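The figures that follow rest on heavy atoms only: side chains count, while hydrogens, waters and symmetry mates do not. Predicted model, so just to flag it, every value in this text is computed and none were measured. Chain identifiers are assigned alphabetically (A, B, ...) following the order of the sequence lines, protein sequences preceding nucleic acid strands; residue numbering begins at 1 within each chain.
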Amino acid sequence: MSFISHLINGISLGSVYAIIALGYTMVYGIAKMLNFAHGDVIMVGGFIIFTFMSTLGLNPIVSVLIAIILCTLLGLTIERIAYKPLRRAPSLAVLITAIGVSYLLQNLALLILGADSKSFSSVISLSSLSLADGRLIISGETLVTIPLCIVIMTTLNIYIRKSKVGRAMIAVSEDKDAAVLMGINVNKTIAITFAIGSSLAAVASALMFSTYPTLSSTAGAMPGIKAFVAAVFGGIGSVPGAMIGGILLGVIEILSRAYISTELGDAIVFLVLIIVLLVKPTGILGKNIQEKV
Amino acid sequence: MLEVKDLQVYYGVIQAIKNVSFKVEEGEIIALIGANGAGKTTILNTITGLIAAKNGEVLYDGVDIQKIPAHKIVSMGLAHVPEGRRVFSQLSVYENLLMGAYTRSDKNEVDASLQHVFKSFPRLEERRKQMAGTLSGGEQQMLAMGRALMSKPKIVLMDEPSMGLSPLLVEEVFGIIQNINKAGTTVLLVEQNAKKALSIAHRAYVMETGNIVLEGYAKDLMNDESVKKAYLGE
């Protein structure tokens with residue numbers, strides 16, 4: 001029974017990774033860049049929720065909605081100020097800028113909020129579910145996280161495949177010049193992608209900090225990197241890949257913590273990345289990248 | 001309708017277009033012929049704003065369109081079928097056609113254009129649900145042309161439509177270009193297949209390493225000794 005319990009916890013953690021991984025994978029797919037500041041947007045989201053809910057005493061749902069709005073604006077601002085001017089720059093310049101933005105956000109948070117970590121109180125008030133005579137307990141956070149992740153993934157997939165903006169995203173991700181010839185505003189499409197990714201980061205922060213309540217200026221870095229691993233694992237650029245990669249990663253992490261070693265949990269996650277990159281460099285659902293001659 | 005004046009285009013320090021001027025009148029098929037690397041594609045890409053020119057003007061209905069963002073040019077009635085077709089392989093045939101009508105909002109009119117394209121390219125209707133990436137080269141060329149027509153253009157720029165196609169398909173594609181023109185759309189055609197291009201064009205310009213070296217009526221150029229020798233393989 002404890003195995004099932006670990007498995008459910010793994011899927012729940014993996015769902016959070018999947019939601020964060022979406023931000024990486026969509027931005028990579030469309031702007032062909034790795035936004036390493038994405039994890040820190042989660043941290044900012046956590047602090048916004050904390051401030052409005054715990055300090056100002058607002059309703060949790062309202063606080064999360066405010067965080068979604070502010071994180072979306074933050075994502076748009078980062079894209080406009082830091083990344084848009086580099087649209088035609090070499091990818092290394094963009095990567096270094098992204099790391100710079102990441103440190104900027106972390107240190108701004110340190111400056112404004114201080115070095116001591118805050119204890120985040122859960123935004124989810126649902127009570128836990130007790131099954132099999134109390135041998136299997138599923139927390140309220142898990143009961144919200146997993147279905148919410150499925151809803152987000154399904155909605156996003158339908159939005160990308162069926163809406164005009166979504167199809168424009170696919171077109172831009174495949175061929176920017178051809179997309180321009182269709183009349184698609186590439187800059188606007190990239191900005192929309194950042195907005196979606198950042199709003200999802202806010203949702204992920206609410207779910208993650210409700211389960212793992214330690215909030216500090218670097219709290220977004222590790223989940224950010226793991227979600228990036230999940231995105232690569234599933235096949236970077238692929239939305240269903242982010243879901244599969246995220247959930248697998250969450251399950252691997254929780255099971256290895258439970259059965260192998262608590263300390264080595266993170267190391268095993270990164271070992272998995274190395275193995276995946278060696279065996280299938282494009283990830284589980286990744287497309288074969290054909291270099292044009 | 002479209003006039004290019006004293007155009008100069010650079011890739012870094014390399015000058016791809018030295019000084020090019022030409023005119024396309026309404027209702028014409030104009031062919032731009034010349035060897036690989038002469039700068040034909042660069043001219044089309046400069047007209048639709050994918051590349052910025054260093055000097056010169058691109059006048060469309062008398063207005064210089066170089067300052068207009070590239071994505072706004074298609075809605076002015078200027079469509080571009082790029083070299084190598086560039087269809088969206090992860091979208092279906094139908095979705096590709098819809099992308100062609102991206103800037104149009106009237107659903108009924110878009111639907112009418114779709115029916116019109118399906119009438120001109122019956123193969124596209126048969127394969128409307130198929131992913132564009134799985135189409136044959138000829139079908140992709142049809143799709144690229146159909147996609148451009150979905151914007152209801154006044155003028156279509158076509159870049160090497162015959163590239164990589166079998167002689168039979170080349171024949172078909174050039175027939176379609178003539179039909180598009182007969183239906184009232186002006187065509188600016190860039191081709192390495194000079195013979196075919198001259199056979200359907202009204203007028204033509206011959207390019208060599210960034211310059212226009214010859215111009216005239218297509219039927220005159222077809223009988224020009226230097227053109228025959230250099231481009232028609234006679």
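- A cation-pi arrangement is found for Arg147(B) relative to Phe88(B), the charged atom lying closer than 6.0 Å to the ring centre and inside a 45° cone about the ring normal.
- Looking at Leu181(A), both its backbone and its side chain come within 4.5 Å of chain B, counting heavy atoms on both sides.
- Classification of Arg104(B) and Glu109(B) as a salt-bridged pair holds, one side-chain N sitting under 4.0 Å from a carboxylate O.
- Ranked by non-hydrogen atom pairs under 4.5 Å with chain B, the options Val186(A), Val180(A), Asn185(A) are led by Asn185(A).
- Among the candidates Ala79(B), Ser89(B), Gly49(B), Ala148(B), the residue making the largest number of heavy-atom pairs closer than 4.5 Å to chain A is Ser89(B).
- The pair Glu95(B)-Arg161(A) meets the salt-bridge criterion, since a charged nitrogen lies less than 4.0 angstrom from a carboxylate oxygen.
- Residue pairs meeting the salt bridge (Lys or Arg N to Asp or Glu O under 4.0 Å) criterion with at least one member in residues 55-75 of chain B: none, sequence neighbours excluded.
- Using a 4.5 Å cut-off between heavy atoms, Leu98(B) contacts chain A through its side chain alone, with no backbone atom that close.
- When heavy atoms are compared at a cutoff of 4.5 Å, Val87(B) approaches chain A solely by way of its backbone atoms N, CA, C and O.
- Ranked by non-hydrogen atom pairs under 4.5 Å with chain A, the options Thr48(B), Leu50(B), Thr103(B) are led by Leu50(B).
- A salt bridge is defined here as a Lys NZ or Arg NE, NH1 or NH2 lying under 4.0 Å from an Asp or Glu carboxylate O, and Glu139(B) with Arg85(B) fails to meet this definition.
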